[in-house]
**Student:** 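Let me begin by handing over the structure; questions about it come next.
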Amino acid sequence: VCCRTFSVDRNINQIGTMENRWNIIVRNLNRSKQKNVDEDTYQDTIECQLQLLGWFDGIESRPSLPNGASKTLIPDIVLNKNNHRVLPIEIKKPTNSINERQASQLSSYMRRLRLPLGLYIGENIQLYYDTPEDDNDAVSVCTIDFEENHPLGKKFCQLLSYENFD
């Protein structure tokens, strides 16, 4: 399932269960890894996969976030629901293991947007949580490898689906 080949039908229930959607996402992202695609191509693929979870109109690609008088932050993706930004997503190449600088970059997007959650997607998916009241960087609270039938994959899809996301 990829946007470049065809558009995901807005009646995503025909795709089946969340477990099935997770497995489709895994196959497509693993294909990107096998092809060693660049970060921009990987982002395009991820944006397509988000449609499987109902995110059709709520995907902001590389929005500019003013940060002080002369600086701008540019997250890879920010998800929007009901005209509110709800989740920044930091994307790296599918072979990338997140490092401290990249985690700090995601934290800065979360702080700027005043959001407690953020996602990193590279060689795996990591969910980050930040306590807004402190000065510490966000921490990874969950890591999910791209494996079909992963026990957390179905839950991830349920939580990240547009319909359920809150």
Side-chain angles (χ1 to χ4, degrees), residues 18 21-23 25-55 58-81 84-148 150-162 164-166:
M18 288 297 180
R21 293 177 203 189
W22 170 256
N23 290 337
I25 291 167
V26 166
R27 284 192 292 272
N28 288 324
L29 296 184
N30 280 336
R31 192 174 302 120
S32 293
K33 185 175 184 177
Q34 291 167 353
K35 291 180 179 181
N36 196 28
V37 300
D38 62 26
E39 192 173 310
D40 289 339
T41 303
Y42 197 43
Q43 178 167 336
D44 289 343
T45 301
I46 290 166
E47 289 180 14
C48 292
Q49 305 318 298
L50 288 168
Q51 289 184 8
L52 289 172
L53 302 176
W55 295 95
I59 300 173
E60 258 186 294
S61 186
R62 297 180 185 91
S64 292
L65 308 175
N67 191 37
S70 62
K71 291 186 178 184
T72 302
L73 297 175
I74 304 175
D76 294 314
I77 296 173
V78 175
L79 296 182
N80 293 273
K81 186 171 181 181
H84 296 286
R85 290 174 166 159
V86 294
L87 186 73
I89 303 175
E90 178 63 16
I91 297 171
K92 296 299 178 192
K93 286 184 67 164
T95 54
N96 186 76
S97 297
I98 194 165
N99 61 39
E100 190 175 319
R101 184 188 60 77
Q102 293 163 346
S104 180
Q105 186 177 11
L106 178 57
S107 288
S108 68
Y109 302 149
M110 293 164 64
R111 283 227 173 83
R112 177 62 188 94
L113 293 167
R114 293 186 173 99
L115 296 171
L117 297 176
L119 270 186
Y120 159 82
I121 303 176
E123 71 171 357
N124 55 30
I125 292 177
Q126 291 186 36
L127 178 65
Y128 277 77
Y129 176 77
D130 184 39
T131 305
E133 298 83 34
D134 67 25
D135 291 331
N136 298 324
D137 277 346
V139 295
S140 175
V141 294
C142 180
T143 299
I144 308 173
D145 293 322
F146 293 123
E147 300 168 358
E148 288 194 40
H150 191 289
L152 294 175
K154 175 183 173 183
K155 190 64 161 171
F156 172 79
C157 287
Q158 289 170 333
L159 292 172
L160 195 63
S161 73
Y162 183 84
N164 295 333
F165 195 87
D166 187 9

**Student:** When rounded to the nearest 0.5 angstrom, what distance separates CG in D38 from CG in D44?
**Tutor:**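 Output value for this atom pair is 8.5 Å.
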**Student:** Check whether any side-chain heavy atom of I125 sits under 4.5 Å from a side-chain heavy atom of F146, and report yes or no.
**Tutor:**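 A side-chain contact under 4.5 Å exists here.
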**Student:** In sequence, state the C-alpha distance, the side-chain angles, and the governing distance for Y129 and L117, and then conclude on side-chain contact (heavy atoms from CB on, under 4.5 Å).
**Tutor:** CA-CA 5 Å; Y129 176 77; L117 297 176; 3.9 Å; yes
**Student:** More than 12 heavy atoms of other residues, nucleotides or ligands under 6.0 Å from NZ of K155: is that the case?
**Tutor:**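 No, because the 6.0 Å sphere around NZ of K155 holds 12 heavy atoms or fewer from other groups.
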**Student:** For K92, which residues count as a side chain to side chain donor-acceptor pair (under 3.5 Å) partner, sequence neighbours excluded?
**Tutor:**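 Side chain to side chain donor-acceptor pair (under 3.5 Å) check on K92 returns E90.
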**Student:** Would you say N67's side chain and L73's backbone share a donor-acceptor pair under 3.5 angstrom?
**Tutor:**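 Absent.
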**Student:** Is the closest side-chain donor-acceptor distance between N96 and E39 under 3.5 Å?
**Tutor:**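 No - no donor-acceptor pair under 3.5 Å links their side chains.
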**Student:** What distance do I89 atom CD1 and L50 atom CG have between them, rounded to the nearest 0.5 Å?
**Tutor:**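 Reported value, rounded in 0.5 Å steps: 5.0 Å.
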**Student:** Determine the minimum heavy-atom distance between G118 and M110, stating which atoms define it.
**Tutor:**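 It is N-CE, 3.6 Å.
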**Student:** Which atom pair, heavy atoms only, marks the closest approach of P75 to P63?
**Tutor:**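 For P75 versus P63, the nearest heavy atoms are CD-O, 3.3 Å.
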**Student:** Can you measure from CD1 (I25) to CG (N30) and round to the nearest 0.5 angstrom?
**Tutor:**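 Spacing of CD1 (I25) from CG (N30) equals 11.5 Å.
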**Student:** Has K81 got a side-chain atom pairing as donor or acceptor with F165's backbone, closer than 3.5 angstrom?
**Tutor:**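 Present.
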**Student:** Could you pull out the closest heavy-atom pair between W22 and D145, with the gap in Å?
**Tutor:**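 Reported closest heavy-atom pair: CZ2-O, 3.6 Å.
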**Student:** CD1 of I121 to OH of Y42: how many Å apart, nearest 0.5 Å?
**Tutor:**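 The CD1 atom of I121 sits 7.0 Å away from the OH atom of Y42.
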**Student:** Do you see a donor-acceptor pair shorter than 3.5 Å between the side chains of Y109 and D130?
**Tutor:**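 Their side chains do not contain a donor-acceptor pair, so the 3.5 Å distance test is not met.
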**Student:** Does one side chain, of R31 or N28, offer a donor that lies under 3.5 Å from an acceptor on the other?
**Tutor:**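 The answer is yes; a qualifying pair exists.
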**Student:** Could you go step by step and tell me if L29 and Q49 meet the side-chain contact (heavy atoms from CB on, under 4.5 Å) rule?
**Tutor:** CA-CA 9 Å; L29 296 184; Q49 305 318 298; 4.2 Å; yes
**Student:** Apply the side-chain contact (heavy atoms from CB on, under 4.5 Å) test between Q126 and each candidate in V139, I144, T143; give the one that qualifies.
**Tutor:**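 Of V139, I144, T143, side-chain contact (heavy atoms from CB on, under 4.5 Å) with Q126 is met by T143 alone.
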**Student:** With side chains defined as the heavy atoms from C-beta onward, is the minimum distance between V37 and P94 less than 4.5 Å?
**Tutor:**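 Yes, side chains in contact.
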**Student:** Go through F156 and L119 one step at a time and tell me if the side-chain contact (heavy atoms from CB on, under 4.5 Å) criterion holds.
**Tutor:** CA-CA 11 Å; F156 172 79; L119 270 186; 4.0 Å; yes
**Student:** Under a plain distance cut-off of 3.5 Å, with no hydrogens placed, do E47 and Q43 share a side-chain donor-acceptor pair?
**Tutor:**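 Result is yes, a qualifying pair exists.
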**Student:** Could you tell me whether the side chain of K33 reaches within less than 4.5 Å of the side chain of T95, counting heavy atoms only?
**Tutor:**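 They are in contact (side-chain heavy atoms under 4.5 Å apart), so the answer is yes.
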**Student:** Listed by chain and number, what are the salt bridge (charged side-chain N to carboxylate O under 4.0 Å, His left out) partners of R112, not counting sequence neighbours?
**Tutor:**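 Once residues adjacent in sequence are excluded, R112 has no partner under the salt bridge (charged side-chain N to carboxylate O under 4.0 Å, His left out) criterion.
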**Student:** Report the distance from atom CG of L65 to atom NZ of K71, rounding to the nearest 0.5 Å.
**Tutor:**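 If I round to the nearest 0.5 Å, the distance is 14.0 Å.
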**Student:** Will you find, in the side chains of N80 and E60, an N or O donor that is under 3.5 Å from an N or O acceptor?
**Tutor:**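 Per modelled atom types, N80 and E60 side chains form a pair under 3.5 Å.
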**Student:** How about K154: does its NZ atom have over 12 heavy atoms from other parts shown lying under 6.0 Å from it?
**Tutor:**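 Atom NZ in K154 is not packed in, count stays at 12 or less.
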**Student:** Please find the pair of heavy atoms, one from S107 and one from A138, that lie closest to each other, and give the distance.
**Tutor:**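 What the structure gives for the nearest pair is OG-N, 2.8 Å.
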**Student:** About how many Å separate OG of S104 and CD1 of I98, when rounded to the nearest 0.5 Å?
**Tutor:**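 Reported value, rounded in 0.5 Å steps: 10.0 Å.
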**Student:** After noting the C-alpha distance and the side-chain angles of L115 and L87, does the key distance pass the side-chain contact (heavy atoms from CB on, under 4.5 Å) rule?
**Tutor:** CA-CA 7 Å; L115 296 171; L87 186 73; 5.6 Å; no
